[in-house]
Amino acid sequence: MRVGFKELFLNTKRRREIIDITEEVQKAITENDIENGICLIYSTHSTTAIIINEEESGLMEDILRKIDEDYPKNGIWLHNRIDDNADAHLAGAFIGPSIAIPVKDGRLCLGTWQNIFFLELDGPRIGRRVIIEVLGI
Ligand code: ZN
C-alpha cells in the first residue's frame, strides 16, 4: 500500500464562501498514481468545513443561507466574549472538517451530481490549508 499527500492553500474572499476543490482532489490521486483505495480530504481550521454536494448556484446560496439561519452571527454565544466568530466555530464543529471518498480505477467514486467543496465560515482569509491524503495501491 502507498500513501500520498497533497496540500491546498486557499485564499478566500468573503466571510462565508463555498469553493469547489473536486479537480484538485482528483489531481492528488492522479499525481500519486493510486488506482484503488481511499482519499481523505481534511481542513486544518476550526472555522471551515468540507462537504460533498451538487454544484448548482441556487443550492450554493441555499447552503450558505441555511448556515446563517442555524448559526446566526449575533447569537448569544459565550465564545464571543473573547472573539467575534462563535457562529463560525459552531458551524465548523457540526458540519465537520473532513470527508473520505472511495477511489476506484484511479478516479474518485463521486456520483454524477456530487462535487467536493471547501466551506469558508470566517473569511476572508489567506492560505487556508487543506490536506488531501490518498491511501491505496
Ligand atoms: Zn474564535
Side-chain angles (χ1 to χ4, degrees):
M1 191 188 74
R2 282 181 290 124
V3 181
F5 285 94
K6 181 184 177 83
E7 285 181 289
L8 307 181
F9 293 92
L10 305 171
N11 298 328
T12 60
K13 298 182 182 72
R14 292 183 290 279
R15 180 141 201 277
R16 288 197 174 146
E17 185 176 350
I18 303 180
I19 298 174
D20 188 341
I21 58 170
T22 311
E23 210 168 292
E24 292 301 317
V25 176
Q26 180 58 53
K27 269 190 210 162
I29 294 163
T30 309
E31 288 164 7
N32 286 289
D33 201 24
I34 302 285
E35 276 296 306
N36 294 294
I38 191 163
C39 180
L40 174 73
I41 301 109
Y42 174 74
S43 175
T44 66
H45 306 276
S46 294
T47 55
T48 66
I50 303 287
I51 62 168
I52 295 178
N53 220 284
E54 179 179 344
E55 176 149 52
E56 190 277 316
S57 60
L59 183 60
M60 297 290 100
E61 286 183 40
D62 289 340
I63 289 170
L64 293 175
R65 199 180 81 194
K66 177 67 176 157
I67 294 169
D68 284 340
E69 282 175 9
D70 287 353
Y71 309 100
K73 173 119 179 85
N74 297 321
I76 313 288
W77 309 120
L78 299 182
H79 180 63
N80 286 346
R81 293 185 303 203
I82 59 150
D83 208 349
D84 64 351
N85 63 353
D87 61 310
H89 285 280
L90 289 164
F94 289 105
I95 298 168
S98 68
I99 53 171
I101 304 171
V103 175
K104 189 167 185 292
D105 300 328
R107 306 286 308 169
L108 288 163
C109 292
L110 290 169
T112 307
W113 304 108
Q114 287 184 313
N115 281 42
I116 307 160
F117 299 102
F118 171 85
L119 282 191
E120 173 62 81
L121 301 165
D122 192 30
R125 301 286 187 108
I126 303 266
R128 290 294 214 178
R129 180 170 168 238
V130 175
I131 298 173
I132 301 162
E133 181 174 12
V134 193
L135 297 93
I137 54 173

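Atoms within each ligand, like the ligands themselves, are counted from 1 in listed order.
- Partners of N80 under the side-chain contact (heavy atoms from CB on, under 4.5 Å) rule, at least two apart in sequence or in another chain, are W77, A86.
- Under a 4.0 Å N-O distance rule, the pair E31/K6 qualifies as a salt bridge.
- Salt-bridge formation is detected for the pair E69/R65: a Lys NZ or Arg NE/NH1/NH2 atom is positioned less than 4.0 Å from an Asp or Glu carboxylate oxygen.
- Side chain of Q26 to backbone of G106: a donor-acceptor contact under 3.5 angstrom is found.
- Under the salt bridge (charged side-chain N to carboxylate O under 4.0 Å, His left out) criterion, R107 pairs with no residue at all, not counting sequence neighbours.
- The Zn ion (ligand 1) has H79 NE2, D83 OD2, N85 OD1, H89 NE2 as its protein N, O or S neighbours under 2.8 Å.
- K73 pairs by the salt bridge (charged side-chain N to carboxylate O under 4.0 Å, His left out) definition with nothing, not counting sequence neighbours.
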